[in-house]
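Take a look at the structure set out below.
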Amino acid sequence: MDIRFVKRDQLKEKPDWNNLGFGKYMSDYMFVMDWSKEKGWYDPRIVPYGPVEFEPATVVLHYAQETFEGMKAYRTAEGKIQLFRPEMNARRMNKSNERICMPEIPEEMFIEAVEALVKVEKDWVPTAENTSYYIRPFCFACESSLGVHMATAYKFMVIGCPVGAYYPTGLDPVKILVEDELVRAVKGGTGFTKCGGNYAGSILGQIKAEKLGYTQVLWLDGETRTYVEEVGTMNIMFKINGEIYTAPIEGTVLPGITRDSMITLLRDWGYKVNETHLSVHDLMKAGHDGTLEEVFGTGTAAVISPVGELRYKDDEVVINDFKTGELTQKLYDTLTDIQWGRAEDKYGWIRPVEV
Ligand SMILES: *Cc1c(COP(=O)(O)O)cnc(C)c1O
């Protein structure tokens, strides 16, 4: 790709690396590329981060034809910058785009766009321990027309921001509410895609959980509200009697890259991983009879999120005395060591960015 570059007059001031939070400080530039039927993807460019103009009748504002990805660039102790399995994000975005009827972005083009932005923004990849540069590629319909149909104009953009260590003081277990009324996804729907509409529909559940003092929602299957699927923006795994259980990838659950990486590590370590339907009744029963040993969510933002308490209707279970489990900690340490270049990458997951 021949990427055009439009320089900013003045660079922004960098925030304090030790107080970044999540998604608050957008960096100086963004990648933009347009699509039309005649030209395909055209005019790839890196321009100053700022407002995007479009008409009020723009398709995405009405019918939510939008998909996104979430990934990170990590700074190693030697000062190098690296990405973690970016080809998985590229592939997943295309699966999402296919479902939402948006044009494919060739894998190499997606990775090139991400790398180009990271190179320009190399000084925004923070150096404090366990911080990273969060990258948000996204794609949306920008044609102006109120008809519900496949749009004829799209944009692909990549923005990024430095983000803090998710757990500045070490892994901290969270309380999770099993949602027994609202649903997130059904077979045949869009549950397996990272499309904006999925998240709009999930906010009500999140508010309900927060009102009751819980951090996140655990969604059940949309048809019978019986089987555990996933958390708001994380997949979830259960260690019961020494074996791991997690929902299968069958169209309703987001195929997490962290999930896939954890399963690889676990199988490598000899654990039996069951990608199967686990009913909330069996889960709560395991919680009460002492066989539910550990529960953790997996996702790019937090890597791993230990669950200390689960509530389903009036039933509550505390897991591992509300302490981070041994296996949870080992998975977190192993994966973050690979991501930040502190351990050997024997799985070929790291892609260095030459700056
Ligand atoms: C992004 C996301 C995940 C986690 O995916 P990763 O690739 O591991 O970051 C899980 N569930 C949902 C609903 C998500 O949006």
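Atoms within each ligand, like the ligands themselves, are counted from 1 in listed order.
- The closest side-chain donor-acceptor pair between W124 and D28 falls under 3.5 angstrom.
- Side-chain atoms of T224 and D221 include a donor-acceptor pair closer than 3.5 Å.
- When hydrogens are left out, the protein atom nearest atom 12 (C) of ligand 1 is E230 OE1, 3.4 Å; that is the closest non-hydrogen contact.
- Atom 5 (O) of ligand 1 has its closest protein heavy atom at G256 CA, 3.4 Å.
- Between the side chains of E275 and T246, no donor N or O sits under 3.5 Å from an acceptor N or O.
- Aromatic ring centres of F22 and Y134: separated by under 6.0 Å.
- When only non-hydrogen protein atoms are considered, atom 4 (C) of ligand 1 lies nearest to T233 O, 3.7 Å.
- For M88, no heavy-atom contact with ligand 1 is shorter than 4.0 Å.
- The aromatic rings of Y29 and F5 sit tilted, their planes meeting at an angle between 30° and 60°.
- Checked by distance only, ligand 1 and R259 stay at 3.5 Å or farther apart across all their nitrogen or oxygen atoms.
- Separation of the F68 and Y199 ring centroids falls under the 6.0 Å cut-off.
- The single protein non-hydrogen atom nearest to atom 1 (C) of ligand 1 is K194 NZ, 1.4 Å, given as residue, atom name and distance.
- Considering only non-hydrogen protein atoms, atom 9 (O) of ligand 1 sits nearest to T300 OG1, 2.6 Å.
- With a heavy-atom cut-off of 4.0 Å, K72 does not touch ligand 1 at all.
- Residue, atom and distance of the protein heavy atom nearest to atom 15 (O) of ligand 1 are Y199 OH, 2.4 Å.
- The closest approach between any non-hydrogen atom of R184 and ligand 1 is below 4.0 Å.
- One side chain, Q65 or Y154, offers a donor N or O that lies under 3.5 Å from an acceptor on the other.
- Not a single N or O atom of P255, backbone or side chain, sits closer than 3.5 Å to an N or O atom of ligand 1.
- A salt bridge links R184 to E230: at least one charged side-chain nitrogen sits closer than 4.0 Å to a carboxylate oxygen.
- With a heavy-atom cut-off of 4.0 Å, N235 touches ligand 1 through backbone and side chain alike.
- For the pair H62 (side chain) and P56 (backbone), a donor-acceptor distance under 3.5 Å is present.
- Looking only at heavy atoms of the protein, atom 8 (O) of ligand 1 is closest to T258 OG1, 2.6 Å.
- Judged by the shortest distance from any of its heavy atoms, S261 lies outside the 4.0 Å radius around the atoms of ligand 1.
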